[in-house]
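The structure appears right after this line, and notes come after that.
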Amino acid sequence: MLTVNSKIVTRIRWFRAAAICLLSTGLSAVSVGAQERTKFPVGVGTKTLGTGLIWLATKKGFFEEAGLDVQPVLLRGTPVAVQALVGESLFMTLGSADAMASAAVGGADLVSVAGVINGLTQAIVAGKKYKSFKELRGTTVGVQSLASGATTVLKRIFKKNGLEYPSDYKLLAVGGGNFNLAALSSGQVAAAFLVVPLVFAAEEQGMNVLGYYKDYYPNYQLTVMAVKRGWAEKNRALLVRFLRAALRANRWLYANKEAAGDFFAKEIPMAPELARKGWEYYTANRMWHPNLELNLDGMKLALEILAEETKQVPQDAVKFIDGRYLQQALKDL
């Protein structure tokens, strides 16, 4: 027969066992929940304010709420991104519109499903001693990559200002974003294209802004969300779920200037005041479309410039766009 003390001990042991069981069940539920999140790897060329939505949606939980484990992967160069998309080691790439279309023309089964940066946010910035384009004759100019859409536009702007490539200047691929600014600050290059808000940071350092891209080409689709067409058809629900979460994040971004600025200041990183100025520039100029829609006319111009650059026949931009997934995501919000 159990004594009073032994009864107490027995109850304590029972409660401990029950607690352990409940804790174990809770952990199992968390583990199952984590396992149920679908991995969704996304390739990104550079980590800048313009492509910052992907990190915001990841770190702020918008993708997690949609049951997605989104993994941004920084990639340099279109060929690597295209190969990864075709092989389905990436489900999506945030890449230049013309490069994704060019890859499709070359046989890759790719299509653009949403817009990322719906305009040209770059400016050509020169070192302190260069105050005009003509002074850049014989120098080296920094770019993200030799084949990017931003580089193609840069060459056209230089041509409008009397400088031909490669006879009048050289190009050096240094990686884009902060890499361009670092190469410019160190004197490795005489000039470079910088994106907003790095343009403002360069100005504060005494460098010279020779011209904004958008003043030459106000209507241009720079960056898109591209997927493998066959993969998208097989995984329609998954892609729509991703786009729906991205749309929610984008709407939060538009509605929360201060909080968004604080996030980008830490994540990119950059000075908080630059992040806020960048937010103002992107939203005021609709560089981020509120509904992530593509700019069809801007896409057409991007492909026209690409055709002229590569001496090929211009392609029909409509062939490289499929807006059905985004429209479905908008309906589901």
Side-chain angles (χ1 to χ4, degrees), residues 29-30 32-44 49-73 85 88-95 97 100-101 104 109-119 221-257 259-260 263-264 267 279 282-283 286-299 317-333:
V30 171
V32 169
Q35 289 175 357
E36 287 178 349
R37 283 198 294 146
T38 304
K39 290 188 182 298
F40 199 108
V42 177
V44 191
L49 187 69
T51 58
L53 175 67
I54 196 75
W55 278 276
L56 187 148
T58 300
K59 301 288 181 71
K60 289 289 186 181
F62 290 96
F63 289 135
E64 185 176 357
E65 290 173 5
L68 299 176
D69 180 12
V70 175
Q71 305 163 346
V73 181
L85 275 179
E88 298 184 12
S89 58
L90 289 178
F91 291 171
M92 174 183 288
T93 287
L94 275 58
M100 294 299 107
D109 184 28
L110 304 185
V111 65
S112 297
V113 295
V116 180
I117 307 175
N118 284 27
Q221 181 68 45
L222 183 63
T223 312
V224 296
M225 295 184 188
V227 298
K228 182 180 177 182
R229 195 187 299 265
W231 175 90
E233 286 300 317
K234 293 177 183 176
N235 296 275
R236 182 185 185 92
L238 179 61
L239 178 55
V240 169
R241 197 171 4 141
F242 174 93
L243 292 172
R244 189 165 58 243
L247 281 163
R248 286 178 175 146
N250 199 50
R251 292 185 176 184
W252 182 93
L253 172 63
Y254 259 84
N256 294 275
K257 173 184 176 180
F263 174 84
F264 288 131
E267 186 68 26
W279 182 95
Y282 272 81
T283 53
R286 292 174 74 88
M287 296 298 179
W288 295 314
H289 191 282
N291 289 332
L292 299 180
E293 293 179 12
L294 283 158
N295 178 345
L296 180 57
D297 289 337
M299 189 82 163
V318 175
K319 293 193 303 183
F320 308 107
I321 300 172
D322 191 339
R324 294 176 299 159
Y325 307 103
L326 181 62
Q327 291 307 311
Q328 184 62 54
L330 284 165
K331 289 178 182 178
D332 293 345
L333 279 179

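The first residue of the sequence shown is numbered 1, and numbering continues consecutively from there.
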Check your understanding: Residues in salt bridge (charged side-chain N to carboxylate O under 4.0 Å, His left out) with Asp109, at least two apart?
Key -> Arg229
Review point. Quick one: are Ile117 and Leu94 in side-chain contact, heavy atoms under 4.5 Å?
Key: no
**Study point:** Asn250 side chain to Pro290 backbone, donor-acceptor under 3.5 Å
**Key:** yes
Check your understanding: Does Trp279 reach the main-chain N or O of Leu253 with its side chain, forming a donor-acceptor pair under 3.5 Å?
Key -> yes
Review point. What's the shortest heavy-atom distance between Lys59 and Phe263, and which atoms?
Key: CB-CE1, 3.6 Å
Review point. Which distance, rounded to the nearest 0.5 Å, do you find between the CZ of Arg241 and the OG1 of Thr38?
Key: 4.5 Å
Point to revise | Close side-chain approach of Val44 and Trp55, heavy atoms under 4.5 Å | key: yes
Review point. With no hydrogens and no angle check, is any side-chain donor or acceptor of Gln221 less than 3.5 Å from a backbone partner on Thr223?
Key: yes
Exercise for review: Might you point out which heavy atoms bring Val224 and Ala97 nearest each other, and give the distance in Å?
Suggested key: CG1-CB, 3.8 Å
Practice item. Provide the closest heavy-atom pair for Ala246 versus Phe63 in the form atom of the first, atom of the second, distance. Key: N-CE2, 4.0 Å
Practice item. Calculate, to the nearest 0.5 Å, the distance between atoms CG and CD belonging to Asn235 and Glu88 respectively. Key: 7.5 Å
Check your understanding: Between Leu239 and Ala232, which heavy-atom pair has the shortest distance, and what is it?
Key -> CD2-CB, 3.8 Å
Check your understanding: In terms of ring plane angle, is the pair Phe40 and Phe242 parallel, tilted or perpendicular, where the classes change at 30° and 60°?
Key -> parallel
Study note, to complete from the structure: Here the gap from Met92 atom CE to Trp231 atom CH2, rounded to the nearest 0.5 Å, amounts to 6.5 Å
Review point. What residues, two or more places apart in sequence or in another chain, satisfy side chain to side chain donor-acceptor pair (under 3.5 Å) together with Glu233?
Key: Arg324, Tyr325
Practice item. Output, in order, the C-alpha distance, side-chain angles, deciding distance and verdict of side chain to side chain contact (heavy atoms under 4.5 Å, CB included) for Leu243 and Met225. Key: CA-CA 10 Å; Leu243 292 172; Met225 295 184 188; 3.9 Å; yes
Study note, to complete from the structure: Sorted by chain and residue number, the side-chain contact (heavy atoms from CB on, under 4.5 Å) partners of Ala249 (sequence neighbours excluded) come out as Leu53, Leu56, Ala57, Phe62
Exercise for review: Taking all non-hydrogen atoms of both residues into account, name the closest pair between Val116 and Gly50 and its distance.
Suggested key: CG1-O, 3.8 Å
Study note, to complete from the structure: So CG of Leu292 and CZ of Arg244: to nearest 0.5 Å the spacing works out to 13.5 Å
Exercise for review: Determine, stepwise, if the pair Leu326 / Val113 fulfils side chain to side chain contact (heavy atoms under 4.5 Å, CB included).
Suggested key: CA-CA 7 Å; Leu326 181 62; Val113 295; over 6 Å; no
Review point. How far apart are the C-alpha atoms of Leu330 and Gln327, what are their side-chain angles, what is the distance that settles it, and do they pass the side chain to side chain contact (heavy atoms under 4.5 Å, CB included) test?
Key: CA-CA 5 Å; Leu330 284 165; Gln327 291 307 311; 4.0 Å; yes
Exercise for review: Taking all non-hydrogen atoms of both residues into account, name the closest pair between Met287 and Gly119 and its distance.
Suggested key: SD-CA, 3.4 Å
Study note, to complete from the structure: Rounded to the nearest 0.5 angstrom, the CH2-OG1 distance for Trp288 and Thr51 is 9.5 Å
Point to revise | Asn295 and Arg286: CA distance, side-chain angles, deciding distance, side chain to side chain contact (heavy atoms under 4.5 Å, CB included) verdict | key: CA-CA 11 Å; Asn295 178 345; Arg286 292 174 74 88; over 6 Å; no
Study note, to complete from the structure: To the nearest 0.5 Å, atom CD1 of Ile321 lies from atom CG of Leu294 at 5.0 Å
